[in-house]
Amino acid sequence: MPEGGASISKTEQEASKTAQEAPDTAQGAAAGAERSERSERPDRASHRRTALLVTFLLGSLTAVPPLAMDMYLPSLPEVTRSLHAPAATVQLTLTACLAGMALGQLVVGPMSDRWGRRRPLLAGLAVFVVATVLCALAPTVELLVAFRLAQGLAGAAAIVIARAVVRDLYDGMAMARFFSTLMLISGVAPIVAPLIGGQVLRVTDWRGVFAVLTVIGVLIGVLVWARLPETLAPAERHSGGVGEALRSMRGLLADRSFAGYTLAGGFAFASLFAYISASPFVIQEIYGASPQTFSLLFGLNSVGLVVVGQINGKILVGRVSLDRVLGIGLAIVITASTALLLMSLGVFGEVGLVPVAAALFVLMSAMGITLPNTQALALMRTKHAAGSASALLGTSSFLIGAIASPLVGVAGEDTALPMAVVQLAAALVALACFMGMCRPWKKESSRPSVEGAVS
């Protein structure tokens with residue numbers, strides 16, 4: 001009994017002690033939770049700041065190509081006078097930059113998969129800055145074309161690696177939302193770029209445009225070097241290189257529907273690029289608008305493209321078949337191009353700037369439902385080769401657009417007829433590829449993915 005009583009007494013003492021310590025334990029837990037909550041608040045705030053910074057940096061990278069292309073547009077007529085070169089030759093400076101961006105994607109993409117994102121990106125930005133300085137100093141149009149090619153090759157790093165970083169950081173719906181944000185930023189860049197270019201021409205000549213581009217390239221390069229970390233772990237890198245990418249692309253092109261959407265998007269982009277390369281001469285030289293007026297009109301057309309693109313993403317997608325929306329977009333492009341052709345031929349008599357600008361606005365806006373849907377429909381065909389498919393889509397669009405650029409200047413700078421002919425022909429070919437190769441009326445029977453063919 002004494003031993004049992006002692007045991008009970010000891011147990012009661014321990015229970016009493018536990019009861020006395022319980023409030024202290026609860027208070028400690030509450031204090032710990034409060035400290036944890038306080039410590040999490042700056043973490044969440046830091047995460048938000050980091051996310052905003054990454055968004056800004058990647059958005060800046062996606063803006064590099066349109067800035068390099070569109071800020072230069074208002075100065076094209078001045079370049080022809082300054083370098084004593086014909087309009088068709090000066091338009092080759094656009095073609096060279098576009099071709100460089102197309103070919104550069106095929107090289108930089110595999111490089112970033114092998115050596116990580118930071119080194120190829122920083123190297124590309126460094127070469128972009130050097131090439132831009134050389135463009136500002138070019139004494140002849142031939143050298144300007146060569147330097148613009150180098151500028152485009154280097155600028156391709158911004159296009160490819162920005163998308164690759166998004167794939168490294170995000171997945172699923174988060175990735176889709178982030179890409180939508182980048183599309184908004186890249187859509188604003190063509191609006192701002194010619195406005196900046198037009199204002200630069202108020203205080204300096206066309207060489208000053210490249211000086212401003214140099215400063216922009218340096219600022220983006222410094223921000224990337226200081227604030228953008230490596231996002232591809234060494235364990236995830238591979239040494240497949242360009243050969244592996246080309247084999248994957250060959251498998252993609254074996255799918256008729258993917259090839260059809262790719263060609264449709266490429267020729268639609270050619271119709272768009274015919275406008276980009278010819279409109280500075282058409283609007284300024286033929287219709288007498290100032291560089292500032294051209295910049296405003298170009299910005300307005302870009303606003304139309306962005307707005308229609310957002311209508312496509314927010315309202316049409318999920319409610320209307322993508323094939324149907326694509327067909328409508330191509331039909332609108334053909335209608336606007338036909339109107340421009342008839343006006344150029346004088347069918348409606350002497351027309352002023354307003355009807356031509358209205359037709360160009362309709363054509364540009366229709367691209368907001370044409371280009372995104374060709375890309376989406378093509379990428380839906382291949383789940384396990386999305387990187388190669390994206391590179392192939394971008395490269396084909398840039399190359400076909402580069403071919404269209406010099407064609408709009410074959411008849412000189414005193415007529416808008418070549419622009420209208422190229423736009424209409426490209427749109428008709430895009431529609432033929434879409435209808436003949438994709439066969440949207442047989443969508444249900446051709447819906448199964450071709451992943452097996454390209455994996």
Side-chain angles (χ1 to χ4, degrees), residues 50-72 97-98 100-102 104-106 108-109 111-112 117-118 120-125 127-129 132 151-170 174-196 212-213 215-225 227-229 231-232 265 269 272-273 276 299 302-303 305-306 309-310 312-313 367-368 371-372 375-376 379 386-387 389-391 393-395 397-398 401:
T50 302
L52 288 174
L53 179 62
V54 170
T55 302
F56 173 76
L57 284 175
L58 297 182
S60 299
L61 290 173
T62 60
V64 167
L67 286 174
M69 295 293 297
D70 299 337
M71 192 183 297
Y72 171 65
C97 187
L98 196 62
M101 290 180 184
Q105 293 183 60
L106 295 177
V108 178
M111 285 175 59
S112 71
R117 312 303 185 199
R118 273 179 59 88
L121 177 57
L122 289 171
L125 290 173
V127 175
F128 176 85
V129 169
T132 305
Q151 187 188 42
L153 287 167
I159 306 173
V160 173
I161 296 180
R163 293 173 182 168
V165 170
V166 175
R167 290 196 300 270
D168 294 339
L169 296 177
Y170 299 94
M175 183 176 64
R177 283 192 294 268
F178 199 93
F179 271 125
S180 297
T181 303
L182 292 187
M183 287 182 64
L184 274 176
I185 297 174
S186 62
V188 171
I191 302 173
V192 177
L195 295 176
I196 297 174
V212 174
L213 279 172
V215 173
I216 293 173
V218 170
L219 290 176
I220 294 176
V222 170
L223 284 173
V224 168
W225 176 78
R227 306 298 295 178
L228 187 65
T231 59
L232 185 65
F269 186 80
L272 171 64
F273 200 73
I276 292 175
S302 298
V303 169
L305 186 149
V306 170
Q310 291 304 298
N312 177 68
M367 294 295 170
L371 297 179
Q375 295 174 12
L379 290 173
S390 178
L393 283 166
T395 299
S397 294
F398 276 82

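For the single chain, residues carry numbers from 1 onward in sequence order.
Contact detail for G265 and L371: the closest heavy-atom pair is O-CD2, 3.8 Å. Residues P120 and A157 come closest through the heavy atom pair O-CB, 4.2 Å. Among all heavy-atom pairs drawn from L61 and V224, the shortest one is CD2-CG2, 4.2 Å. Considering all non-hydrogen atoms of both residues, A162 and T62 come closest at CB-CG2, 3.9 Å. The heavy-atom pair separating A102 from T395 by the smallest distance is O-OG1, 3.2 Å. The two atoms that bring Q151 and C97 nearest to each other are OE1-SG, 4.1 Å, heavy atoms only.
Here F128 pairs with nothing under the ring-ring contact (aromatic ring centres under 6.0 Å, His included) rule; sequence neighbours left out. In this structure, F273 has no ring-ring contact (aromatic ring centres under 6.0 Å, His included) partners at least two apart in sequence or on a different chain. Shown here are the side-chain contact (heavy atoms from CB on, under 4.5 Å) partners of T231, two or more places apart in sequence or in another chain: R117, V165, D168, L169.
Two residues are said to be in side-chain contact when any heavy atoms from C-beta on lie closer than 4.5 Å; T132 and I216 fail this criterion. In this structure, the side chains of S60 and L223 stay at 4.5 Å or more apart for every pair of heavy atoms. M367 has its side chain out of reach of F269: every pair of non-hydrogen atoms, C-beta onward, lies at least 4.5 Å apart. For the pair I159/V108, no side-chain contact is recorded, criterion being any heavy-atom separation below 4.5 Å from C-beta on.
The distance from the CD atom of Q105 to the CD1 atom of I161 is 11.0 Å, given to the nearest 0.5 Å. Taking CD1 of I220 as the reference point, atom CG of L228 lies at 12.0 Å (rounded to 0.5 Å).
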Would you check, one step at a time, whether the test side chain to side chain contact (heavy atoms under 4.5 Å, CB included) holds for V129 with L125? CA-CA 6 Å; V129 169; L125 290 173; 5.6 Å; no
